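Quick notes on the structure that follows.
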Amino acid sequence: MCGVFGIYGHSEAAKLAYLGLHALQHRGQESAGIVSSDGRQLKLFRDMGHVIDVFPESQLEELKGVHAIGHVRYSTSGGSALRNAQPIAIEYSKGTLAVAHNGNLTNADALRKRLEDAGSIFQTSSDTEVIVHLIAKSKQQRVVDRIADALGQVEGAYSLLCLTEDSLIAVRDPLGIRPLCLGKLRGTEVPVLASEPTSFELIDADFVRDVAPGEMLIVSPEGTTSLFPFAPVARRTCIFEFVYFARPDSVLDGVSVYEARKNLGRSLAREHGVDADVVIPVPDSGVPATIGYAQESGIPFEMGLVRSHYVGRTFIEPKQSIRHFGVRLKLSPVGETLRGKRVVVVDDSIVRGTTSRKIVKMLRDAGAKEVHMRIASPPTEWPCYYGVDTPTRSELIAATHTVEEINQYITSDTLAYLTLDSLKHSVLAARESHLRRENGASAFPLPDPASSKRHLTVAQSLTETSFCHACWSGDYPVKFQPQERKEQLPLLHV
Ligand code: AMP
């Protein structure tokens, strides 16, 4: 997972990019980078760590310019290293170009081999560099055509920002897997682009609209143009964004993430109600679903776990080991809420099962009489190849265990997951109510009337079939060659 941000035509472009990235920090904490342009030259700085640590003020002063793109990274493809930090910037025969990418390409290995066989020398192990080489090698003349040519050859997920000396180009893949939003600095015509509108809120920008699947937005001295250079396909927007990844104050593709999550909790309460004294979230990701669960069931919402927000990557553990050390650094039980109580605990997902097991133990140690685990999504059985960091299939507990076996492993009294149908309906219900509030089509004004009709058709087509839910169903929208999959395991019916 990653976050991207772009701004065009502002004297403090790099500083606004810095703030925009800070509001996307939840999408990646490993490295951060900004490329600026003064109209003639690109300047790049990137480093490992959080936005606030990577960019002291002196560093931002160096990034002079009026246009900028930035990136926060959560390593999925390519491993964790400074050389894989983004944006990637190159000089090639037509000038300079920087690229910031959210998503994962599924045919990157095959393309990379082809490019290397033809003499390309790669600097990084990240799939994004494949796009850069394809752009540099393209036979097209205009940079926009080179980008379209390159992207026409890649498969998988990309929400992409490209910066040249004097233009900013934003592209969302035809499946619309990862989000990408267009905004405008309030009271100006300065366009801003971001993975989520959380960036706009911080820099006083207004949300204009989502970039549509397959759309390419070109911002240049001539203004903003919208193109659809790829063959249209049915959209498959990642539904996990609504469950876990996006920030709850975001509205993506017309869906309020907060409302979608509350709906998940409501559905869980309807489908898997249980007699209990309190319902508590696993903070922070489980909070909105727990509010929904509490509202629907009438069971009081309480904080039974408190989260520390100051956990770094590595902690030194004393030699004499401390029980549940890892999880205790992050979460701590509230005895008053738990002692002698029948507790429902709501989380968004179980991946390996280790966190849930430790949480259940922690709740029991704090005096909970019963612990009922409720998960606001279906069992995670399949790895993601489109940009969410998931382990290999054999490490996903639901790939090899039934729900009852997982219940025994995590030692809860009962365990229940949401069905995929309920999940889709919860998200679509949130979209319906948002559209009603925003008065339908007027939520999507376009700078370019020529592509308005196409945009509306594509952007508003979120239906039951327009989600990618491969992590639960194994139904991957981009098919793989067997060697391209992280691991081949037969489908297990539990
Ligand atoms: P696990 O111990 O592997 O079962 O981890 C489950 C926890 O990880 C849940 O509390 C989720 O909120 C969280 N989680 C789910 N997906 C991801 C992800 N892709 N990256 C980081 N955390 C995740």
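Values reported hereafter were calculated over all heavy atoms of this structure, with side chains retained and with hydrogens, waters and symmetry mates removed. In each ligand, atom 1 is the first atom listed, and ligand 1 is the first ligand listed. Here the structure is a predicted model, which is why all the values come from computation and not from measurement.
Residues with a heavy atom under 4.0 Å from ligand 1: Tyr74, Phe240, Tyr244, Ser285, Asp347, Asp348, Ser349, Ile350, Val351, Arg352, Gly353, Thr354, Thr355, Val388, Asp389.
With Glu302 as reference, Thr337 is the one residue of Thr337, Thr290, Val343 to meet the side chain to side chain contact (heavy atoms under 4.5 Å, CB included) rule.
Under 3.5 Å, the side chains of Thr392 and Glu395 contain a donor-acceptor pair of N or O atoms. Side chain to side chain, Arg83 and Gln123 fail the donor-acceptor criterion of an N or O pair below 3.5 Å.
A 6.0 Å sphere centred on NE2 of His22 holds no more than 12 heavy atoms belonging to other residues, nucleotides or ligands.
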Please list every donor-acceptor pair under 3.5 Å in which a side-chain atom of residues 346-362 meets a protein atom from a residue at least two apart or in another chain.
residue, atom, partner, partner atom, Å
Asp348, OD1, Ser285, OG, 2.7
Arg357, NH1, Tyr409, O, 2.6

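The main-chain N or O of His272 is found under 3.5 Å from a side-chain atom of Arg374 such that the two form a donor-acceptor pair.
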